[in-house]
Amino acid sequence: MSESVTVRVPAKVNVQLAVGAARPDGFHDLANVFLAVGLYDEITVTPADELRVTCAGPDAAQVPLDATNLAARAAIALAGRYGIEPRVHIHIDKDIPVAGGMAGGSADGAGALLACDALWSTGAGRDELLAICADLGSDVPFSLVGGAALGVGRGEQLTPVETGGTFHWVFAVADGGLSTPAVYREFDRLTAGMAVPEPVASPVLLEALRTGDTKALAAALSNGLQPAALSLRPSLADTLAAGTGAGALAALVSGSGPTTAFLAEDEASARTIADALTASATCRETRVAVSPATGAVVCADMSTGRCCAP
Ligand code: C5P
């Protein structure tokens, strides 16, 4: 058995998030076009006397280290299926904003699952890992596969989406998080009594991804949760305006927020937008990243200490 396994997992932005009416189970049917972006958490699992989670990084204090952590739940779920005691130390090196709408928790779940699978040599197939991911949360399967994908159902049923070229993003991280269930509840409140259309993926958006056409993608970006996120956090409108004022081709809330995402024409423009957002004091910090990014990968070379370079 190897001593430890490290897995690197990307963040995501939703380039389209079409939200249907609440289902009887409380979830919402989605047409959710995920795009993985090059901000990564690294999850290392090491055999230990008992299950333990630690986290390092600027936002580490906001990460729960108990059994509610998706990484711990992933280890428990996989161990349960294979009759293994989940005696591992899970360490999360966190670079993805916490509770920001960028699937940081989901990334840790997918990463811990893949790392434990490698550590324990369970031989679980890809479909089985994806099913465990779906049990852990609606966004977790995408964290495993990365790239770009359309998620339907509650977002867990994935079909790969073709992408051409590289997209340049700026992310503005807000102070504090937004609870995803609270944002969906606000969506329900705002749409009460209205006919909510069936969510469908936009062919124009999928074509823009396929051809790598940044301007066409900018014109097609949409997030059905944005009104709800803005209703709960009105100050995000100032952040969105600061980014578009600095030349972003488009601005939107990332998933359930409160991170906001800005699509830039190129790398230089992304840096200009990031600087303007910092100067505007409408966010806590900014991050520049490109997409698409590969999904969860086991790092090849553990001898160098640091994980695979993005
Ligand atoms: O699946 P996950 O645990 O990430 O979902 C968190 C919460 O977000 C759910 O409990 C639900 O309130 C909301 N949600 C939803 N519809 C979805 C996905 C999530 O209402 N498709």
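Reckoned from all heavy atoms, side chains included, excluding hydrogens, waters and symmetry mates. The residues of the chain are indexed from 1 along the displayed sequence. Both counts, for ligands and for their atoms, begin at 1 and track the order of listing.
Taking 4.0 Å as the cut-off between side-chain N and carboxylate O, Asp135 and Arg73 do not count as a salt-bridged pair.
When hydrogens are left out, the protein atom nearest atom 18 (C) of ligand 1 is Ser138 OG, 3.5 Å; that is the closest non-hydrogen contact. Closest to atom 3 (O) of ligand 1 among all protein heavy atoms lies Gly137 CA, 4.1 Å. The single protein non-hydrogen atom nearest to atom 6 (C) of ligand 1 is Thr180 CG2, 4.3 Å, given as residue, atom name and distance. Ranking protein heavy atoms by distance to atom 9 (C) of ligand 1, first place goes to Phe27 CE2, 3.7 Å. Looking at atom 7 (C) of ligand 1, its nearest protein heavy atom turns out to be Pro181 CG, 3.8 Å.
Using a 30° and 60° split on the angle between ring planes, His28 and Phe187 fall in the perpendicular class, above 60°. Ring geometry for Trp169 versus Phe171: interplanar angle under 30°, hence parallel rather than tilted (30 to 60°).
Within the 4.0 Å heavy-atom cutoff, Gly155 does not count among the residues contacting ligand 1. The closest approach between any non-hydrogen atom of Asp139 and ligand 1 is not below 4.0 Å.
Residue-environment remark: CZ (Arg271) stays at or below the threshold of 12 foreign heavy atoms within 6.0 Å.
Judged as a side chain to side chain donor-acceptor pair (under 3.5 Å), and not counting sequence neighbours, the contacts of Thr122 are Asp117.
Only the side chain of Tyr184 comes within 4.0 Å of ligand 1, judged by heavy-atom distances.
Residue His28 holds the heavy atom nearest to atom 15 (C) of ligand 1 of all those in Glu156, Arg154, His28, Arg185.
For the pair Ala201 and Leu206, the tightest heavy-atom approach, listed with the atom from each and the gap, is CB-CD1, 4.1 Å. Nearest approach of Arg154 to Ser138, heavy atoms of both residues: NH1-OG, 3.0 Å.
For ligand 1, the atoms lying closer than 4.0 Å to a non-hydrogen atom of Gly26 are 20 (O).
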